[in-house]
2 protein chains.
Amino acid sequence: MSKKVSIGDASRSCGVKVPTIRYYEQIGLLSALPRTEGNRRTFDAGDLRRLAFIRHARELGFEIDAIRTLLTLQDDPHQPCSSADAIARARLAEVEQRIDSLNALKTELGVMIESCSRGQVADCRVIEVLADHRQCTHPHH
Amino acid sequence: MSKKVSIGDASRSCGVKVPTIRYYEQIGLLSALPRTEGNRRTFDAGDLRRLAFIRHARELGFEIDAIRTLLTLQDDPHQPCSSADAIARARLAEVEQRIDSLNALKTELGVMIESCSRGQVADCRVIEVLADHRQCTHPHH
DNA sequence: GTTACATCCTCTAGTCACTGGAGGAGCAAG
DNA sequence: CTTGCTCCTCCAGTGACTAGAGGATGTAAC
């Protein structure tokens, strides 16, 4: 018999808020959790692992749908893992693009702050740069 | 007299979807746009500039509230631009942090994908890493 | 002048991934 | 037995849009 814990304990041990856990159950990301006589949800070790998996995947920016796919893959370990690989690769591409555009933004903000350090809004580059796309130092989009 | 254009033209020239423009007007990010006799919105050069400003700021990751502040600064050019500067600085710090965490994430995804054996899910590092946070190469969270 | 079609209008509701609150029930300690 | 905590369900709200219904207006061709 594995130990069963409450939703509060699950929340604390996985770092997922209580309402979020209930939400995950509601949308079927966690299968319906068994209840006590008093109608309280109980979590065994497997549920906790699944919850930790979800949390980690969310932190890495995977969408709920992608996580759903990853979870079904996890449930059937004899499948080829090309789907998981593809999902991770797609995510990597997204992340790389985001980094590029954030780097461009960083440069722009630096330039803005520099030239904004004196004077008034009338000649404030923050507004100028944002108002006129052509002044971007990098073609990030 | 400046030329007046339709919402469709504004959309095409600024790269903001028509319903989004209407939404911006609704939440007061664009002030109420003048209408034709037939009740159609008209946009002059200033409106287009403002819209481009908003679009650009959104792309750079500014929240609507920050943009609102920036716009009020733009509307009153006799203010010192220390507020805009503060917003830009806060934004820069945020952006730098986001870049850091995305770089850590990129590394992690890269390692995951690299070491995926392309075999079965059972040996797939992608799923394994997601299931166990301790395997993270970097403490990104 | 009329017909066809694109574009526009308002209004409502849906999206994602939660988050928060109301109102009530269960449970463990003192 | 009461106090106080945790839990339950249900409903509404968030941000920043996005989509669709149903109807009005503008324009170009015939």
Side-chain angles (χ1 to χ4, degrees), chain A residues 4-30 32-44 47-48 50-71 87 90-91 94 98 130 141, chain B residues 3-30 32-44 47-48 50-71 91 94 98 141:
Chain A
K4 294 282 204 164
V5 303
S6 70
I7 197 170
D9 292 339
S11 169
R12 272 179 294 276
S13 86
C14 295
V16 179
K17 289 183 186 166
V18 169
T20 305
I21 297 174
R22 288 199 272 252
Y23 168 73
Y24 287 157
E25 189 195 22
Q26 190 195 307
I27 62 168
L29 210 55
L30 294 172
L33 296 156
R35 308 295 184 104
T36 65
E37 294 229 327
N39 195 33
R40 281 149 189 242
R41 289 170 182 85
T42 57
F43 297 71
D44 64 17
D47 297 322
L48 295 180
R50 203 173 170 92
L51 191 52
F53 182 100
I54 294 168
R55 185 215 163 177
H56 195 186
R58 285 295 297 144
E59 272 173 353
L60 295 183
F62 289 90
E63 287 176 6
I64 297 286
D65 260 8
I67 296 173
R68 217 186 285 274
T69 309
L70 289 171
L71 283 170
I87 290 169
R91 178 70 196 134
E94 270 172 46
R98 197 81 194 115
L130 284 175
H141 41 258
Chain B
K3 250 189 294 183
K4 294 280 205 168
V5 303
S6 71
I7 197 169
D9 292 339
S11 169
R12 274 180 294 275
S13 86
C14 295
V16 179
K17 289 182 186 165
V18 170
T20 305
I21 297 175
R22 289 199 271 250
Y23 169 73
Y24 287 158
E25 188 195 22
Q26 191 195 310
I27 63 169
L29 210 56
L30 293 173
L33 295 155
R35 307 296 183 103
T36 65
E37 293 230 327
N39 196 32
R40 282 151 187 239
R41 289 169 183 86
T42 57
F43 298 71
D44 64 16
D47 297 322
L48 295 180
R50 204 176 170 92
L51 189 53
F53 178 100
I54 295 167
R55 183 216 165 180
H56 197 178
R58 286 295 300 144
E59 269 172 357
L60 296 183
F62 287 88
E63 286 175 10
I64 297 285
D65 263 6
I67 297 173
R68 217 185 285 274
T69 314
L70 252 14
L71 283 170
R91 216 46 223 170
E94 245 182 83
R98 236 151 95 193
H141 38 261

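Chain naming here is simple, since letters A, B, ... match the order of the sequence lines and numbering starts at 1 in each.
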Arg35(B) CZ to dC8(C) P, straight-line distance once rounded to whole Å: 12 Å
Within-4.5 Å side-chain heavy-atom neighbours: Arg41(B) and Arg35(B): yes
I need a per-nucleotide contact map over nucleotides 19-30 of chain C, read 5' to 3'. Cutoff is protein heavy atoms under 4.0 Å; write B for the base, S for backbone only, - otherwise. S-----BBS---
Please name the pair of heavy atoms, one in Gly8(B) and one in Val18(B), separated by the smallest distance, quoted to 0.1 Å. CA-CG2, 4.3 Å
Rounded to 10°, the angle between the first-five-pair and last-five-pair axes of the helix from dG1(C)-dC30(D) to dG30(C)-dC1(D) is 10°
From CD of Glu25(B) across to P of dC8(C) the rounded distance in Å is 14 Å
Which whole-number value in Å describes the distance from Tyr24(A) OH to dC16(C) C1'? 11 Å
Distance-minimising heavy-atom pair for Ala52(B) and Cys14(B): N-SG, 4.1 Å
Nearest whole angstrom, please: distance from the C1' of dA17(C) to the CZ of Arg58(A). 6 Å
Could you report the tightest heavy-atom contact between Pro34(B) and Lys4(B), atom names first, then the distance? CG-NZ, 3.6 Å
Does Thr42(B) use its side chain to pair, donor to acceptor, with the backbone of Val5(B) at less than 3.5 Å? no
Where does the chain B footprint on DNA chain D start and end, counting 5' to 3' with a 4.0 Å heavy-atom cut-off? dA16(D) to dG26(D)
Would you say the side chain of Phe53(A) lies within less than 4.5 Å of the side chain of Leu71(A), judging by non-hydrogen atoms? yes
Shortest non-hydrogen contact from Leu48(A) to Ala10(A)? CD2-CB, 3.6 Å
Once you round it to whole Å, what is the distance between C1' of dC18(C) and CD of Glu59(A)? 15 Å
Please name the pair of heavy atoms, one in Ile27(A) and one in Arg68(A), separated by the smallest distance, quoted to 0.1 Å. O-NH1, 3.0 Å
Nearest-nucleotide 5' precedence on DNA chain C, Gln26(B) against Ser6(B): Ser6(B)
Do Arg50(B) and Tyr24(B) have side-chain heavy atoms sitting under 4.5 Å apart? no
Distance-minimising heavy-atom pair for Ile7(B) and Phe43(B): CA-CE1, 3.5 Å
Go nucleotide by nucleotide along DNA chain D from the 5' end; which of Asp65(B) and Arg41(A) gets its closest nucleotide reached first? Arg41(A)
When Leu30(A), Thr20(A), Ile64(A) are each screened for side-chain contact (heavy atoms from CB on, under 4.5 Å) with Ile54(A), the one that passes is Leu30(A)
Given atom CZ of Phe62(A) and atom P of dA17(C), what is their separation to the nearest angstrom? 13 Å
